[in-house]
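The structure appears below as structure tokens.
Just so you know, these numbers use all the heavy atoms, side chains as well, and skip hydrogens, waters and symmetry mates. This structure is a prediction, so every number in the text was calculated from the model and none was measured. Order of the sequence lines fixes the chain letters, A, B, ..., with proteins taken first and strands second; residue numbering starts at 1 for each chain.
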Amino acid sequence: MKAADIALDPPAPRAARPRGADLARLALPVALPVGLACAWEAAVRGGLAEGRLLPPPSAVLATLRALAESGDLWHHALASLTRVGSGFALGGAAGIVLGAGCAALPTLRAALDPTVQALRAIPSIAWVPLFILWLGIFEASKIALIALGVFFPVYLGVLGAVLAVDRRLVEVGRVFRLGRFALARRILLPAVLPAVVLALRAGLGLGWMFVVAAELMGASEGLGYLLLDGQQTGRAVQIVAAIVAFGVLGRLTDLVLSAASRPLLAWQDDLARSQAAT
Amino acid sequence: MNGSPPVLSLRAVAHRYPGSRSATLEHIDLDLHRGEIVALLGASGCGKTTLVRILAGLDRPAAGTILLDGQPLSGPHARIGIVFQEPRLLPWLPVAANVGFGLAGLGRAERDRRVAEALARVQLSGYGERWPRALSGGQAQRVALARALATAPELILMDEPFGALDPATRSALQDHVAALWSGSDGALLLVTHDVDEALVLADRIVVMAPNPGRIATTVAVRLPRPRRRDGHDLRALRSSVLDVLGNADPRCRSLAIG
Ligand SMILES: Nc1ncnc2c1ncn2[C@@H]1O[C@H](COP(=O)(O)OP(=O)(O)O)[C@@H](O)[C@H]1O
Ligand SMILES: [Mg+2]
């Protein structure tokens with residue numbers, strides 16, 4: 001396939017330039033982190049730096065491998081993932097239901113939205129002591145914190161998306177005499193879906209942020225526990241390994257979410273591709 | 001005008017937007033017959049869109065009666081189709097699904113058949129799989145027309161459907177609509193502010209006057225089809241319609257000429 005493409009292309013300078021440009025486009029974003037990592041690795045190996053407080057990449061990889069081989073990495077990652085998953089499910093569902101409800105029912109919006117907006121002004125972490133008093137120091141208070149963090153962006157995103165649906169498209173539904181339910185399913189839902197997916201992804205990001213906060217405040221398992229344990233035992237390499245694991249997990253869950261929504265947003269995908277082509 | 005009872009009949013229809021001090025429409029009397037193309041001509045702001053929205057069931061009149069086949073009209077009706085000023089295609093549906101949007105009650109095979117037929121009538125067979133974004137303005141408006149045609153309504157309302165298109169596309173679409181309606185027994189109410197569009201397409205031109213919106217006069221266009229835009233008869237009629245328009249609204253004369 002690739003070979004055929006190349007064979008069909010005349011060896012014009014135009015064909016050569018994009019390939020170089022492609023390479024640069026792929027290389028440019030990773031150049032900085034990879035370059036810094038290599039430089040740090042070289043500095044530590046060359047004896048220019050000690051590397052105890054900021055371990056070189058090879059040491060971090062070795063720690064990750066050791067954690068993986070002992071099974072600890074999976075155990076802690078699964079604990080964090082479960083917390084984020086539960087909090088995301090609770091907060092996301094509440095955000096979608098209340099956001100859509102407030103958008104559909106002006107009375108509910110008038111009664112609820114000002115309060116939600118006021119609560120949003122409180123940094124979510126400030127609730128932690130109360131959650132611990134109410135729910136104990138174990139899972140429930142952690143999941144409540146994560147759910148709260150996820151709730152706000154999802155609520156705001158869904159509410160805004162439904163309110164912003166093009167009234168002219170709603171009229172198309174009315175002209176074809178769709179009932180309330182059909183209108184919601186055939187016009188409103190597809191119209192708000194892109195914004196809802198974006199809101200869920202923002203919520204998921206906050207979910208990962210709050211799981212760290214929750215675990216730092218006391219946990220016997222989870223990647224946040226690895227962070228805390230590394231700090232208390234003075235092992236920076238374990239802290240960095242946990243940070244890397246957080247980053248990888250956060251990115252992976254985001255990819256899963258966007259991949260799961262891709263078939264539903266194919267029409268947008270297509271738009272992006274056709275714009276990229278021109 | 002012709003012997004059969006009108007498809008649609010308006011009597012003393014009035015409208016006022018909530019909070020507005022003056023009426024948008026006052027005492028509109030209008031009959032539409034089978035197979036007839038009626039152009040609703042008038043300056044911007046004289047209430048043409050409001051009237052079309054009332055007939056589409058999107059707005060309610062403040063007074064008056066509207067009968068469709070003798071039955072009072074209340075709300076959107078399956079036998080009335082509409083083409084808006086913008087295509088208003090649903091961007092998340094391919095062209096075929098947009099055309100079949102009003103056919104959800106039918107079986108799959110029948111729906112596919114009707115969609116194919118409607119697309120063929122607007123000469124867009126083979127465009128069914130495309131996304132609306134990948135259409136030109138004229139193609140999108142033809143898809144919107146196909147969507148209205150697919151449910152086989154007795155009356156189609158068009159609110160300045162070609163207003164946003166370039167002159168060449170516009171006149172091509174006008175010819176196309178004229179060909180579609182010749183021999184058809186559906187009625188077409190075409191809103192326009194373009195005198196030539198009205199003259200090329202309509203059997204009857206209903207001229208509206210503003211403040212409040214009302215019917216100033218009706219001009220019958222008894223010219224053979226297909227009509228040439230530069231034909232002698234059409235030019236003669238154009239100046240008389242412009243005169244009527246100018247009397248209906250002094251602003252209009254300069255608008256139409258400029
Ligand atoms: N939603 C609305 N609320 C209040 N006034 C409106 C509204 N829509 C239109 N109008 C007014 O009603 C009049 C008729 O408007 P419209 O029916 O759109 O006229 P046309 O289609 O002939 O240009 C205008 O003066 C316009 O300003
Ligand atoms: Mg208008």
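Chain A is approached within less than 4.5 Å, heavy atom to heavy atom, by B:Arg53, B:Gly57, B:Leu58 from residues 47-59 of chain B, ordered by number. Close approach to chain B, defined as a heavy atom under 4.5 Å from one of its heavy atoms, is seen in A:Gly173, A:Arg174, A:Val175, A:Phe176, A:Arg177, A:Leu178 of residues 173-182 of chain A, taken by number. Residues of residues 83-93 of chain B that come closer than 4.5 Å to chain A, counting heavy atoms only, are B:Phe84, B:Glu86, B:Arg88, B:Leu89, B:Leu90, B:Pro91, B:Trp92, ordered by residue number. Contacts from residues 120-129 of chain B to chain A, taken as heavy-atom pairs separated by less than 4.5 Å, involve no residues at all.
Checked by atom type and distance alone, the side chain of B:Arg133 never pairs as donor or acceptor with a backbone atom of A:Trp267 at under 3.5 Å.
A:Glu171 has its side chain out of reach of B:Ile82: every pair of non-hydrogen atoms, C-beta onward, lies at least 4.5 Å apart.
Contact count versus chain B (heavy atoms, under 4.5 Å) is highest, among A:Leu169, A:Asp166, A:Leu193, for A:Leu169.
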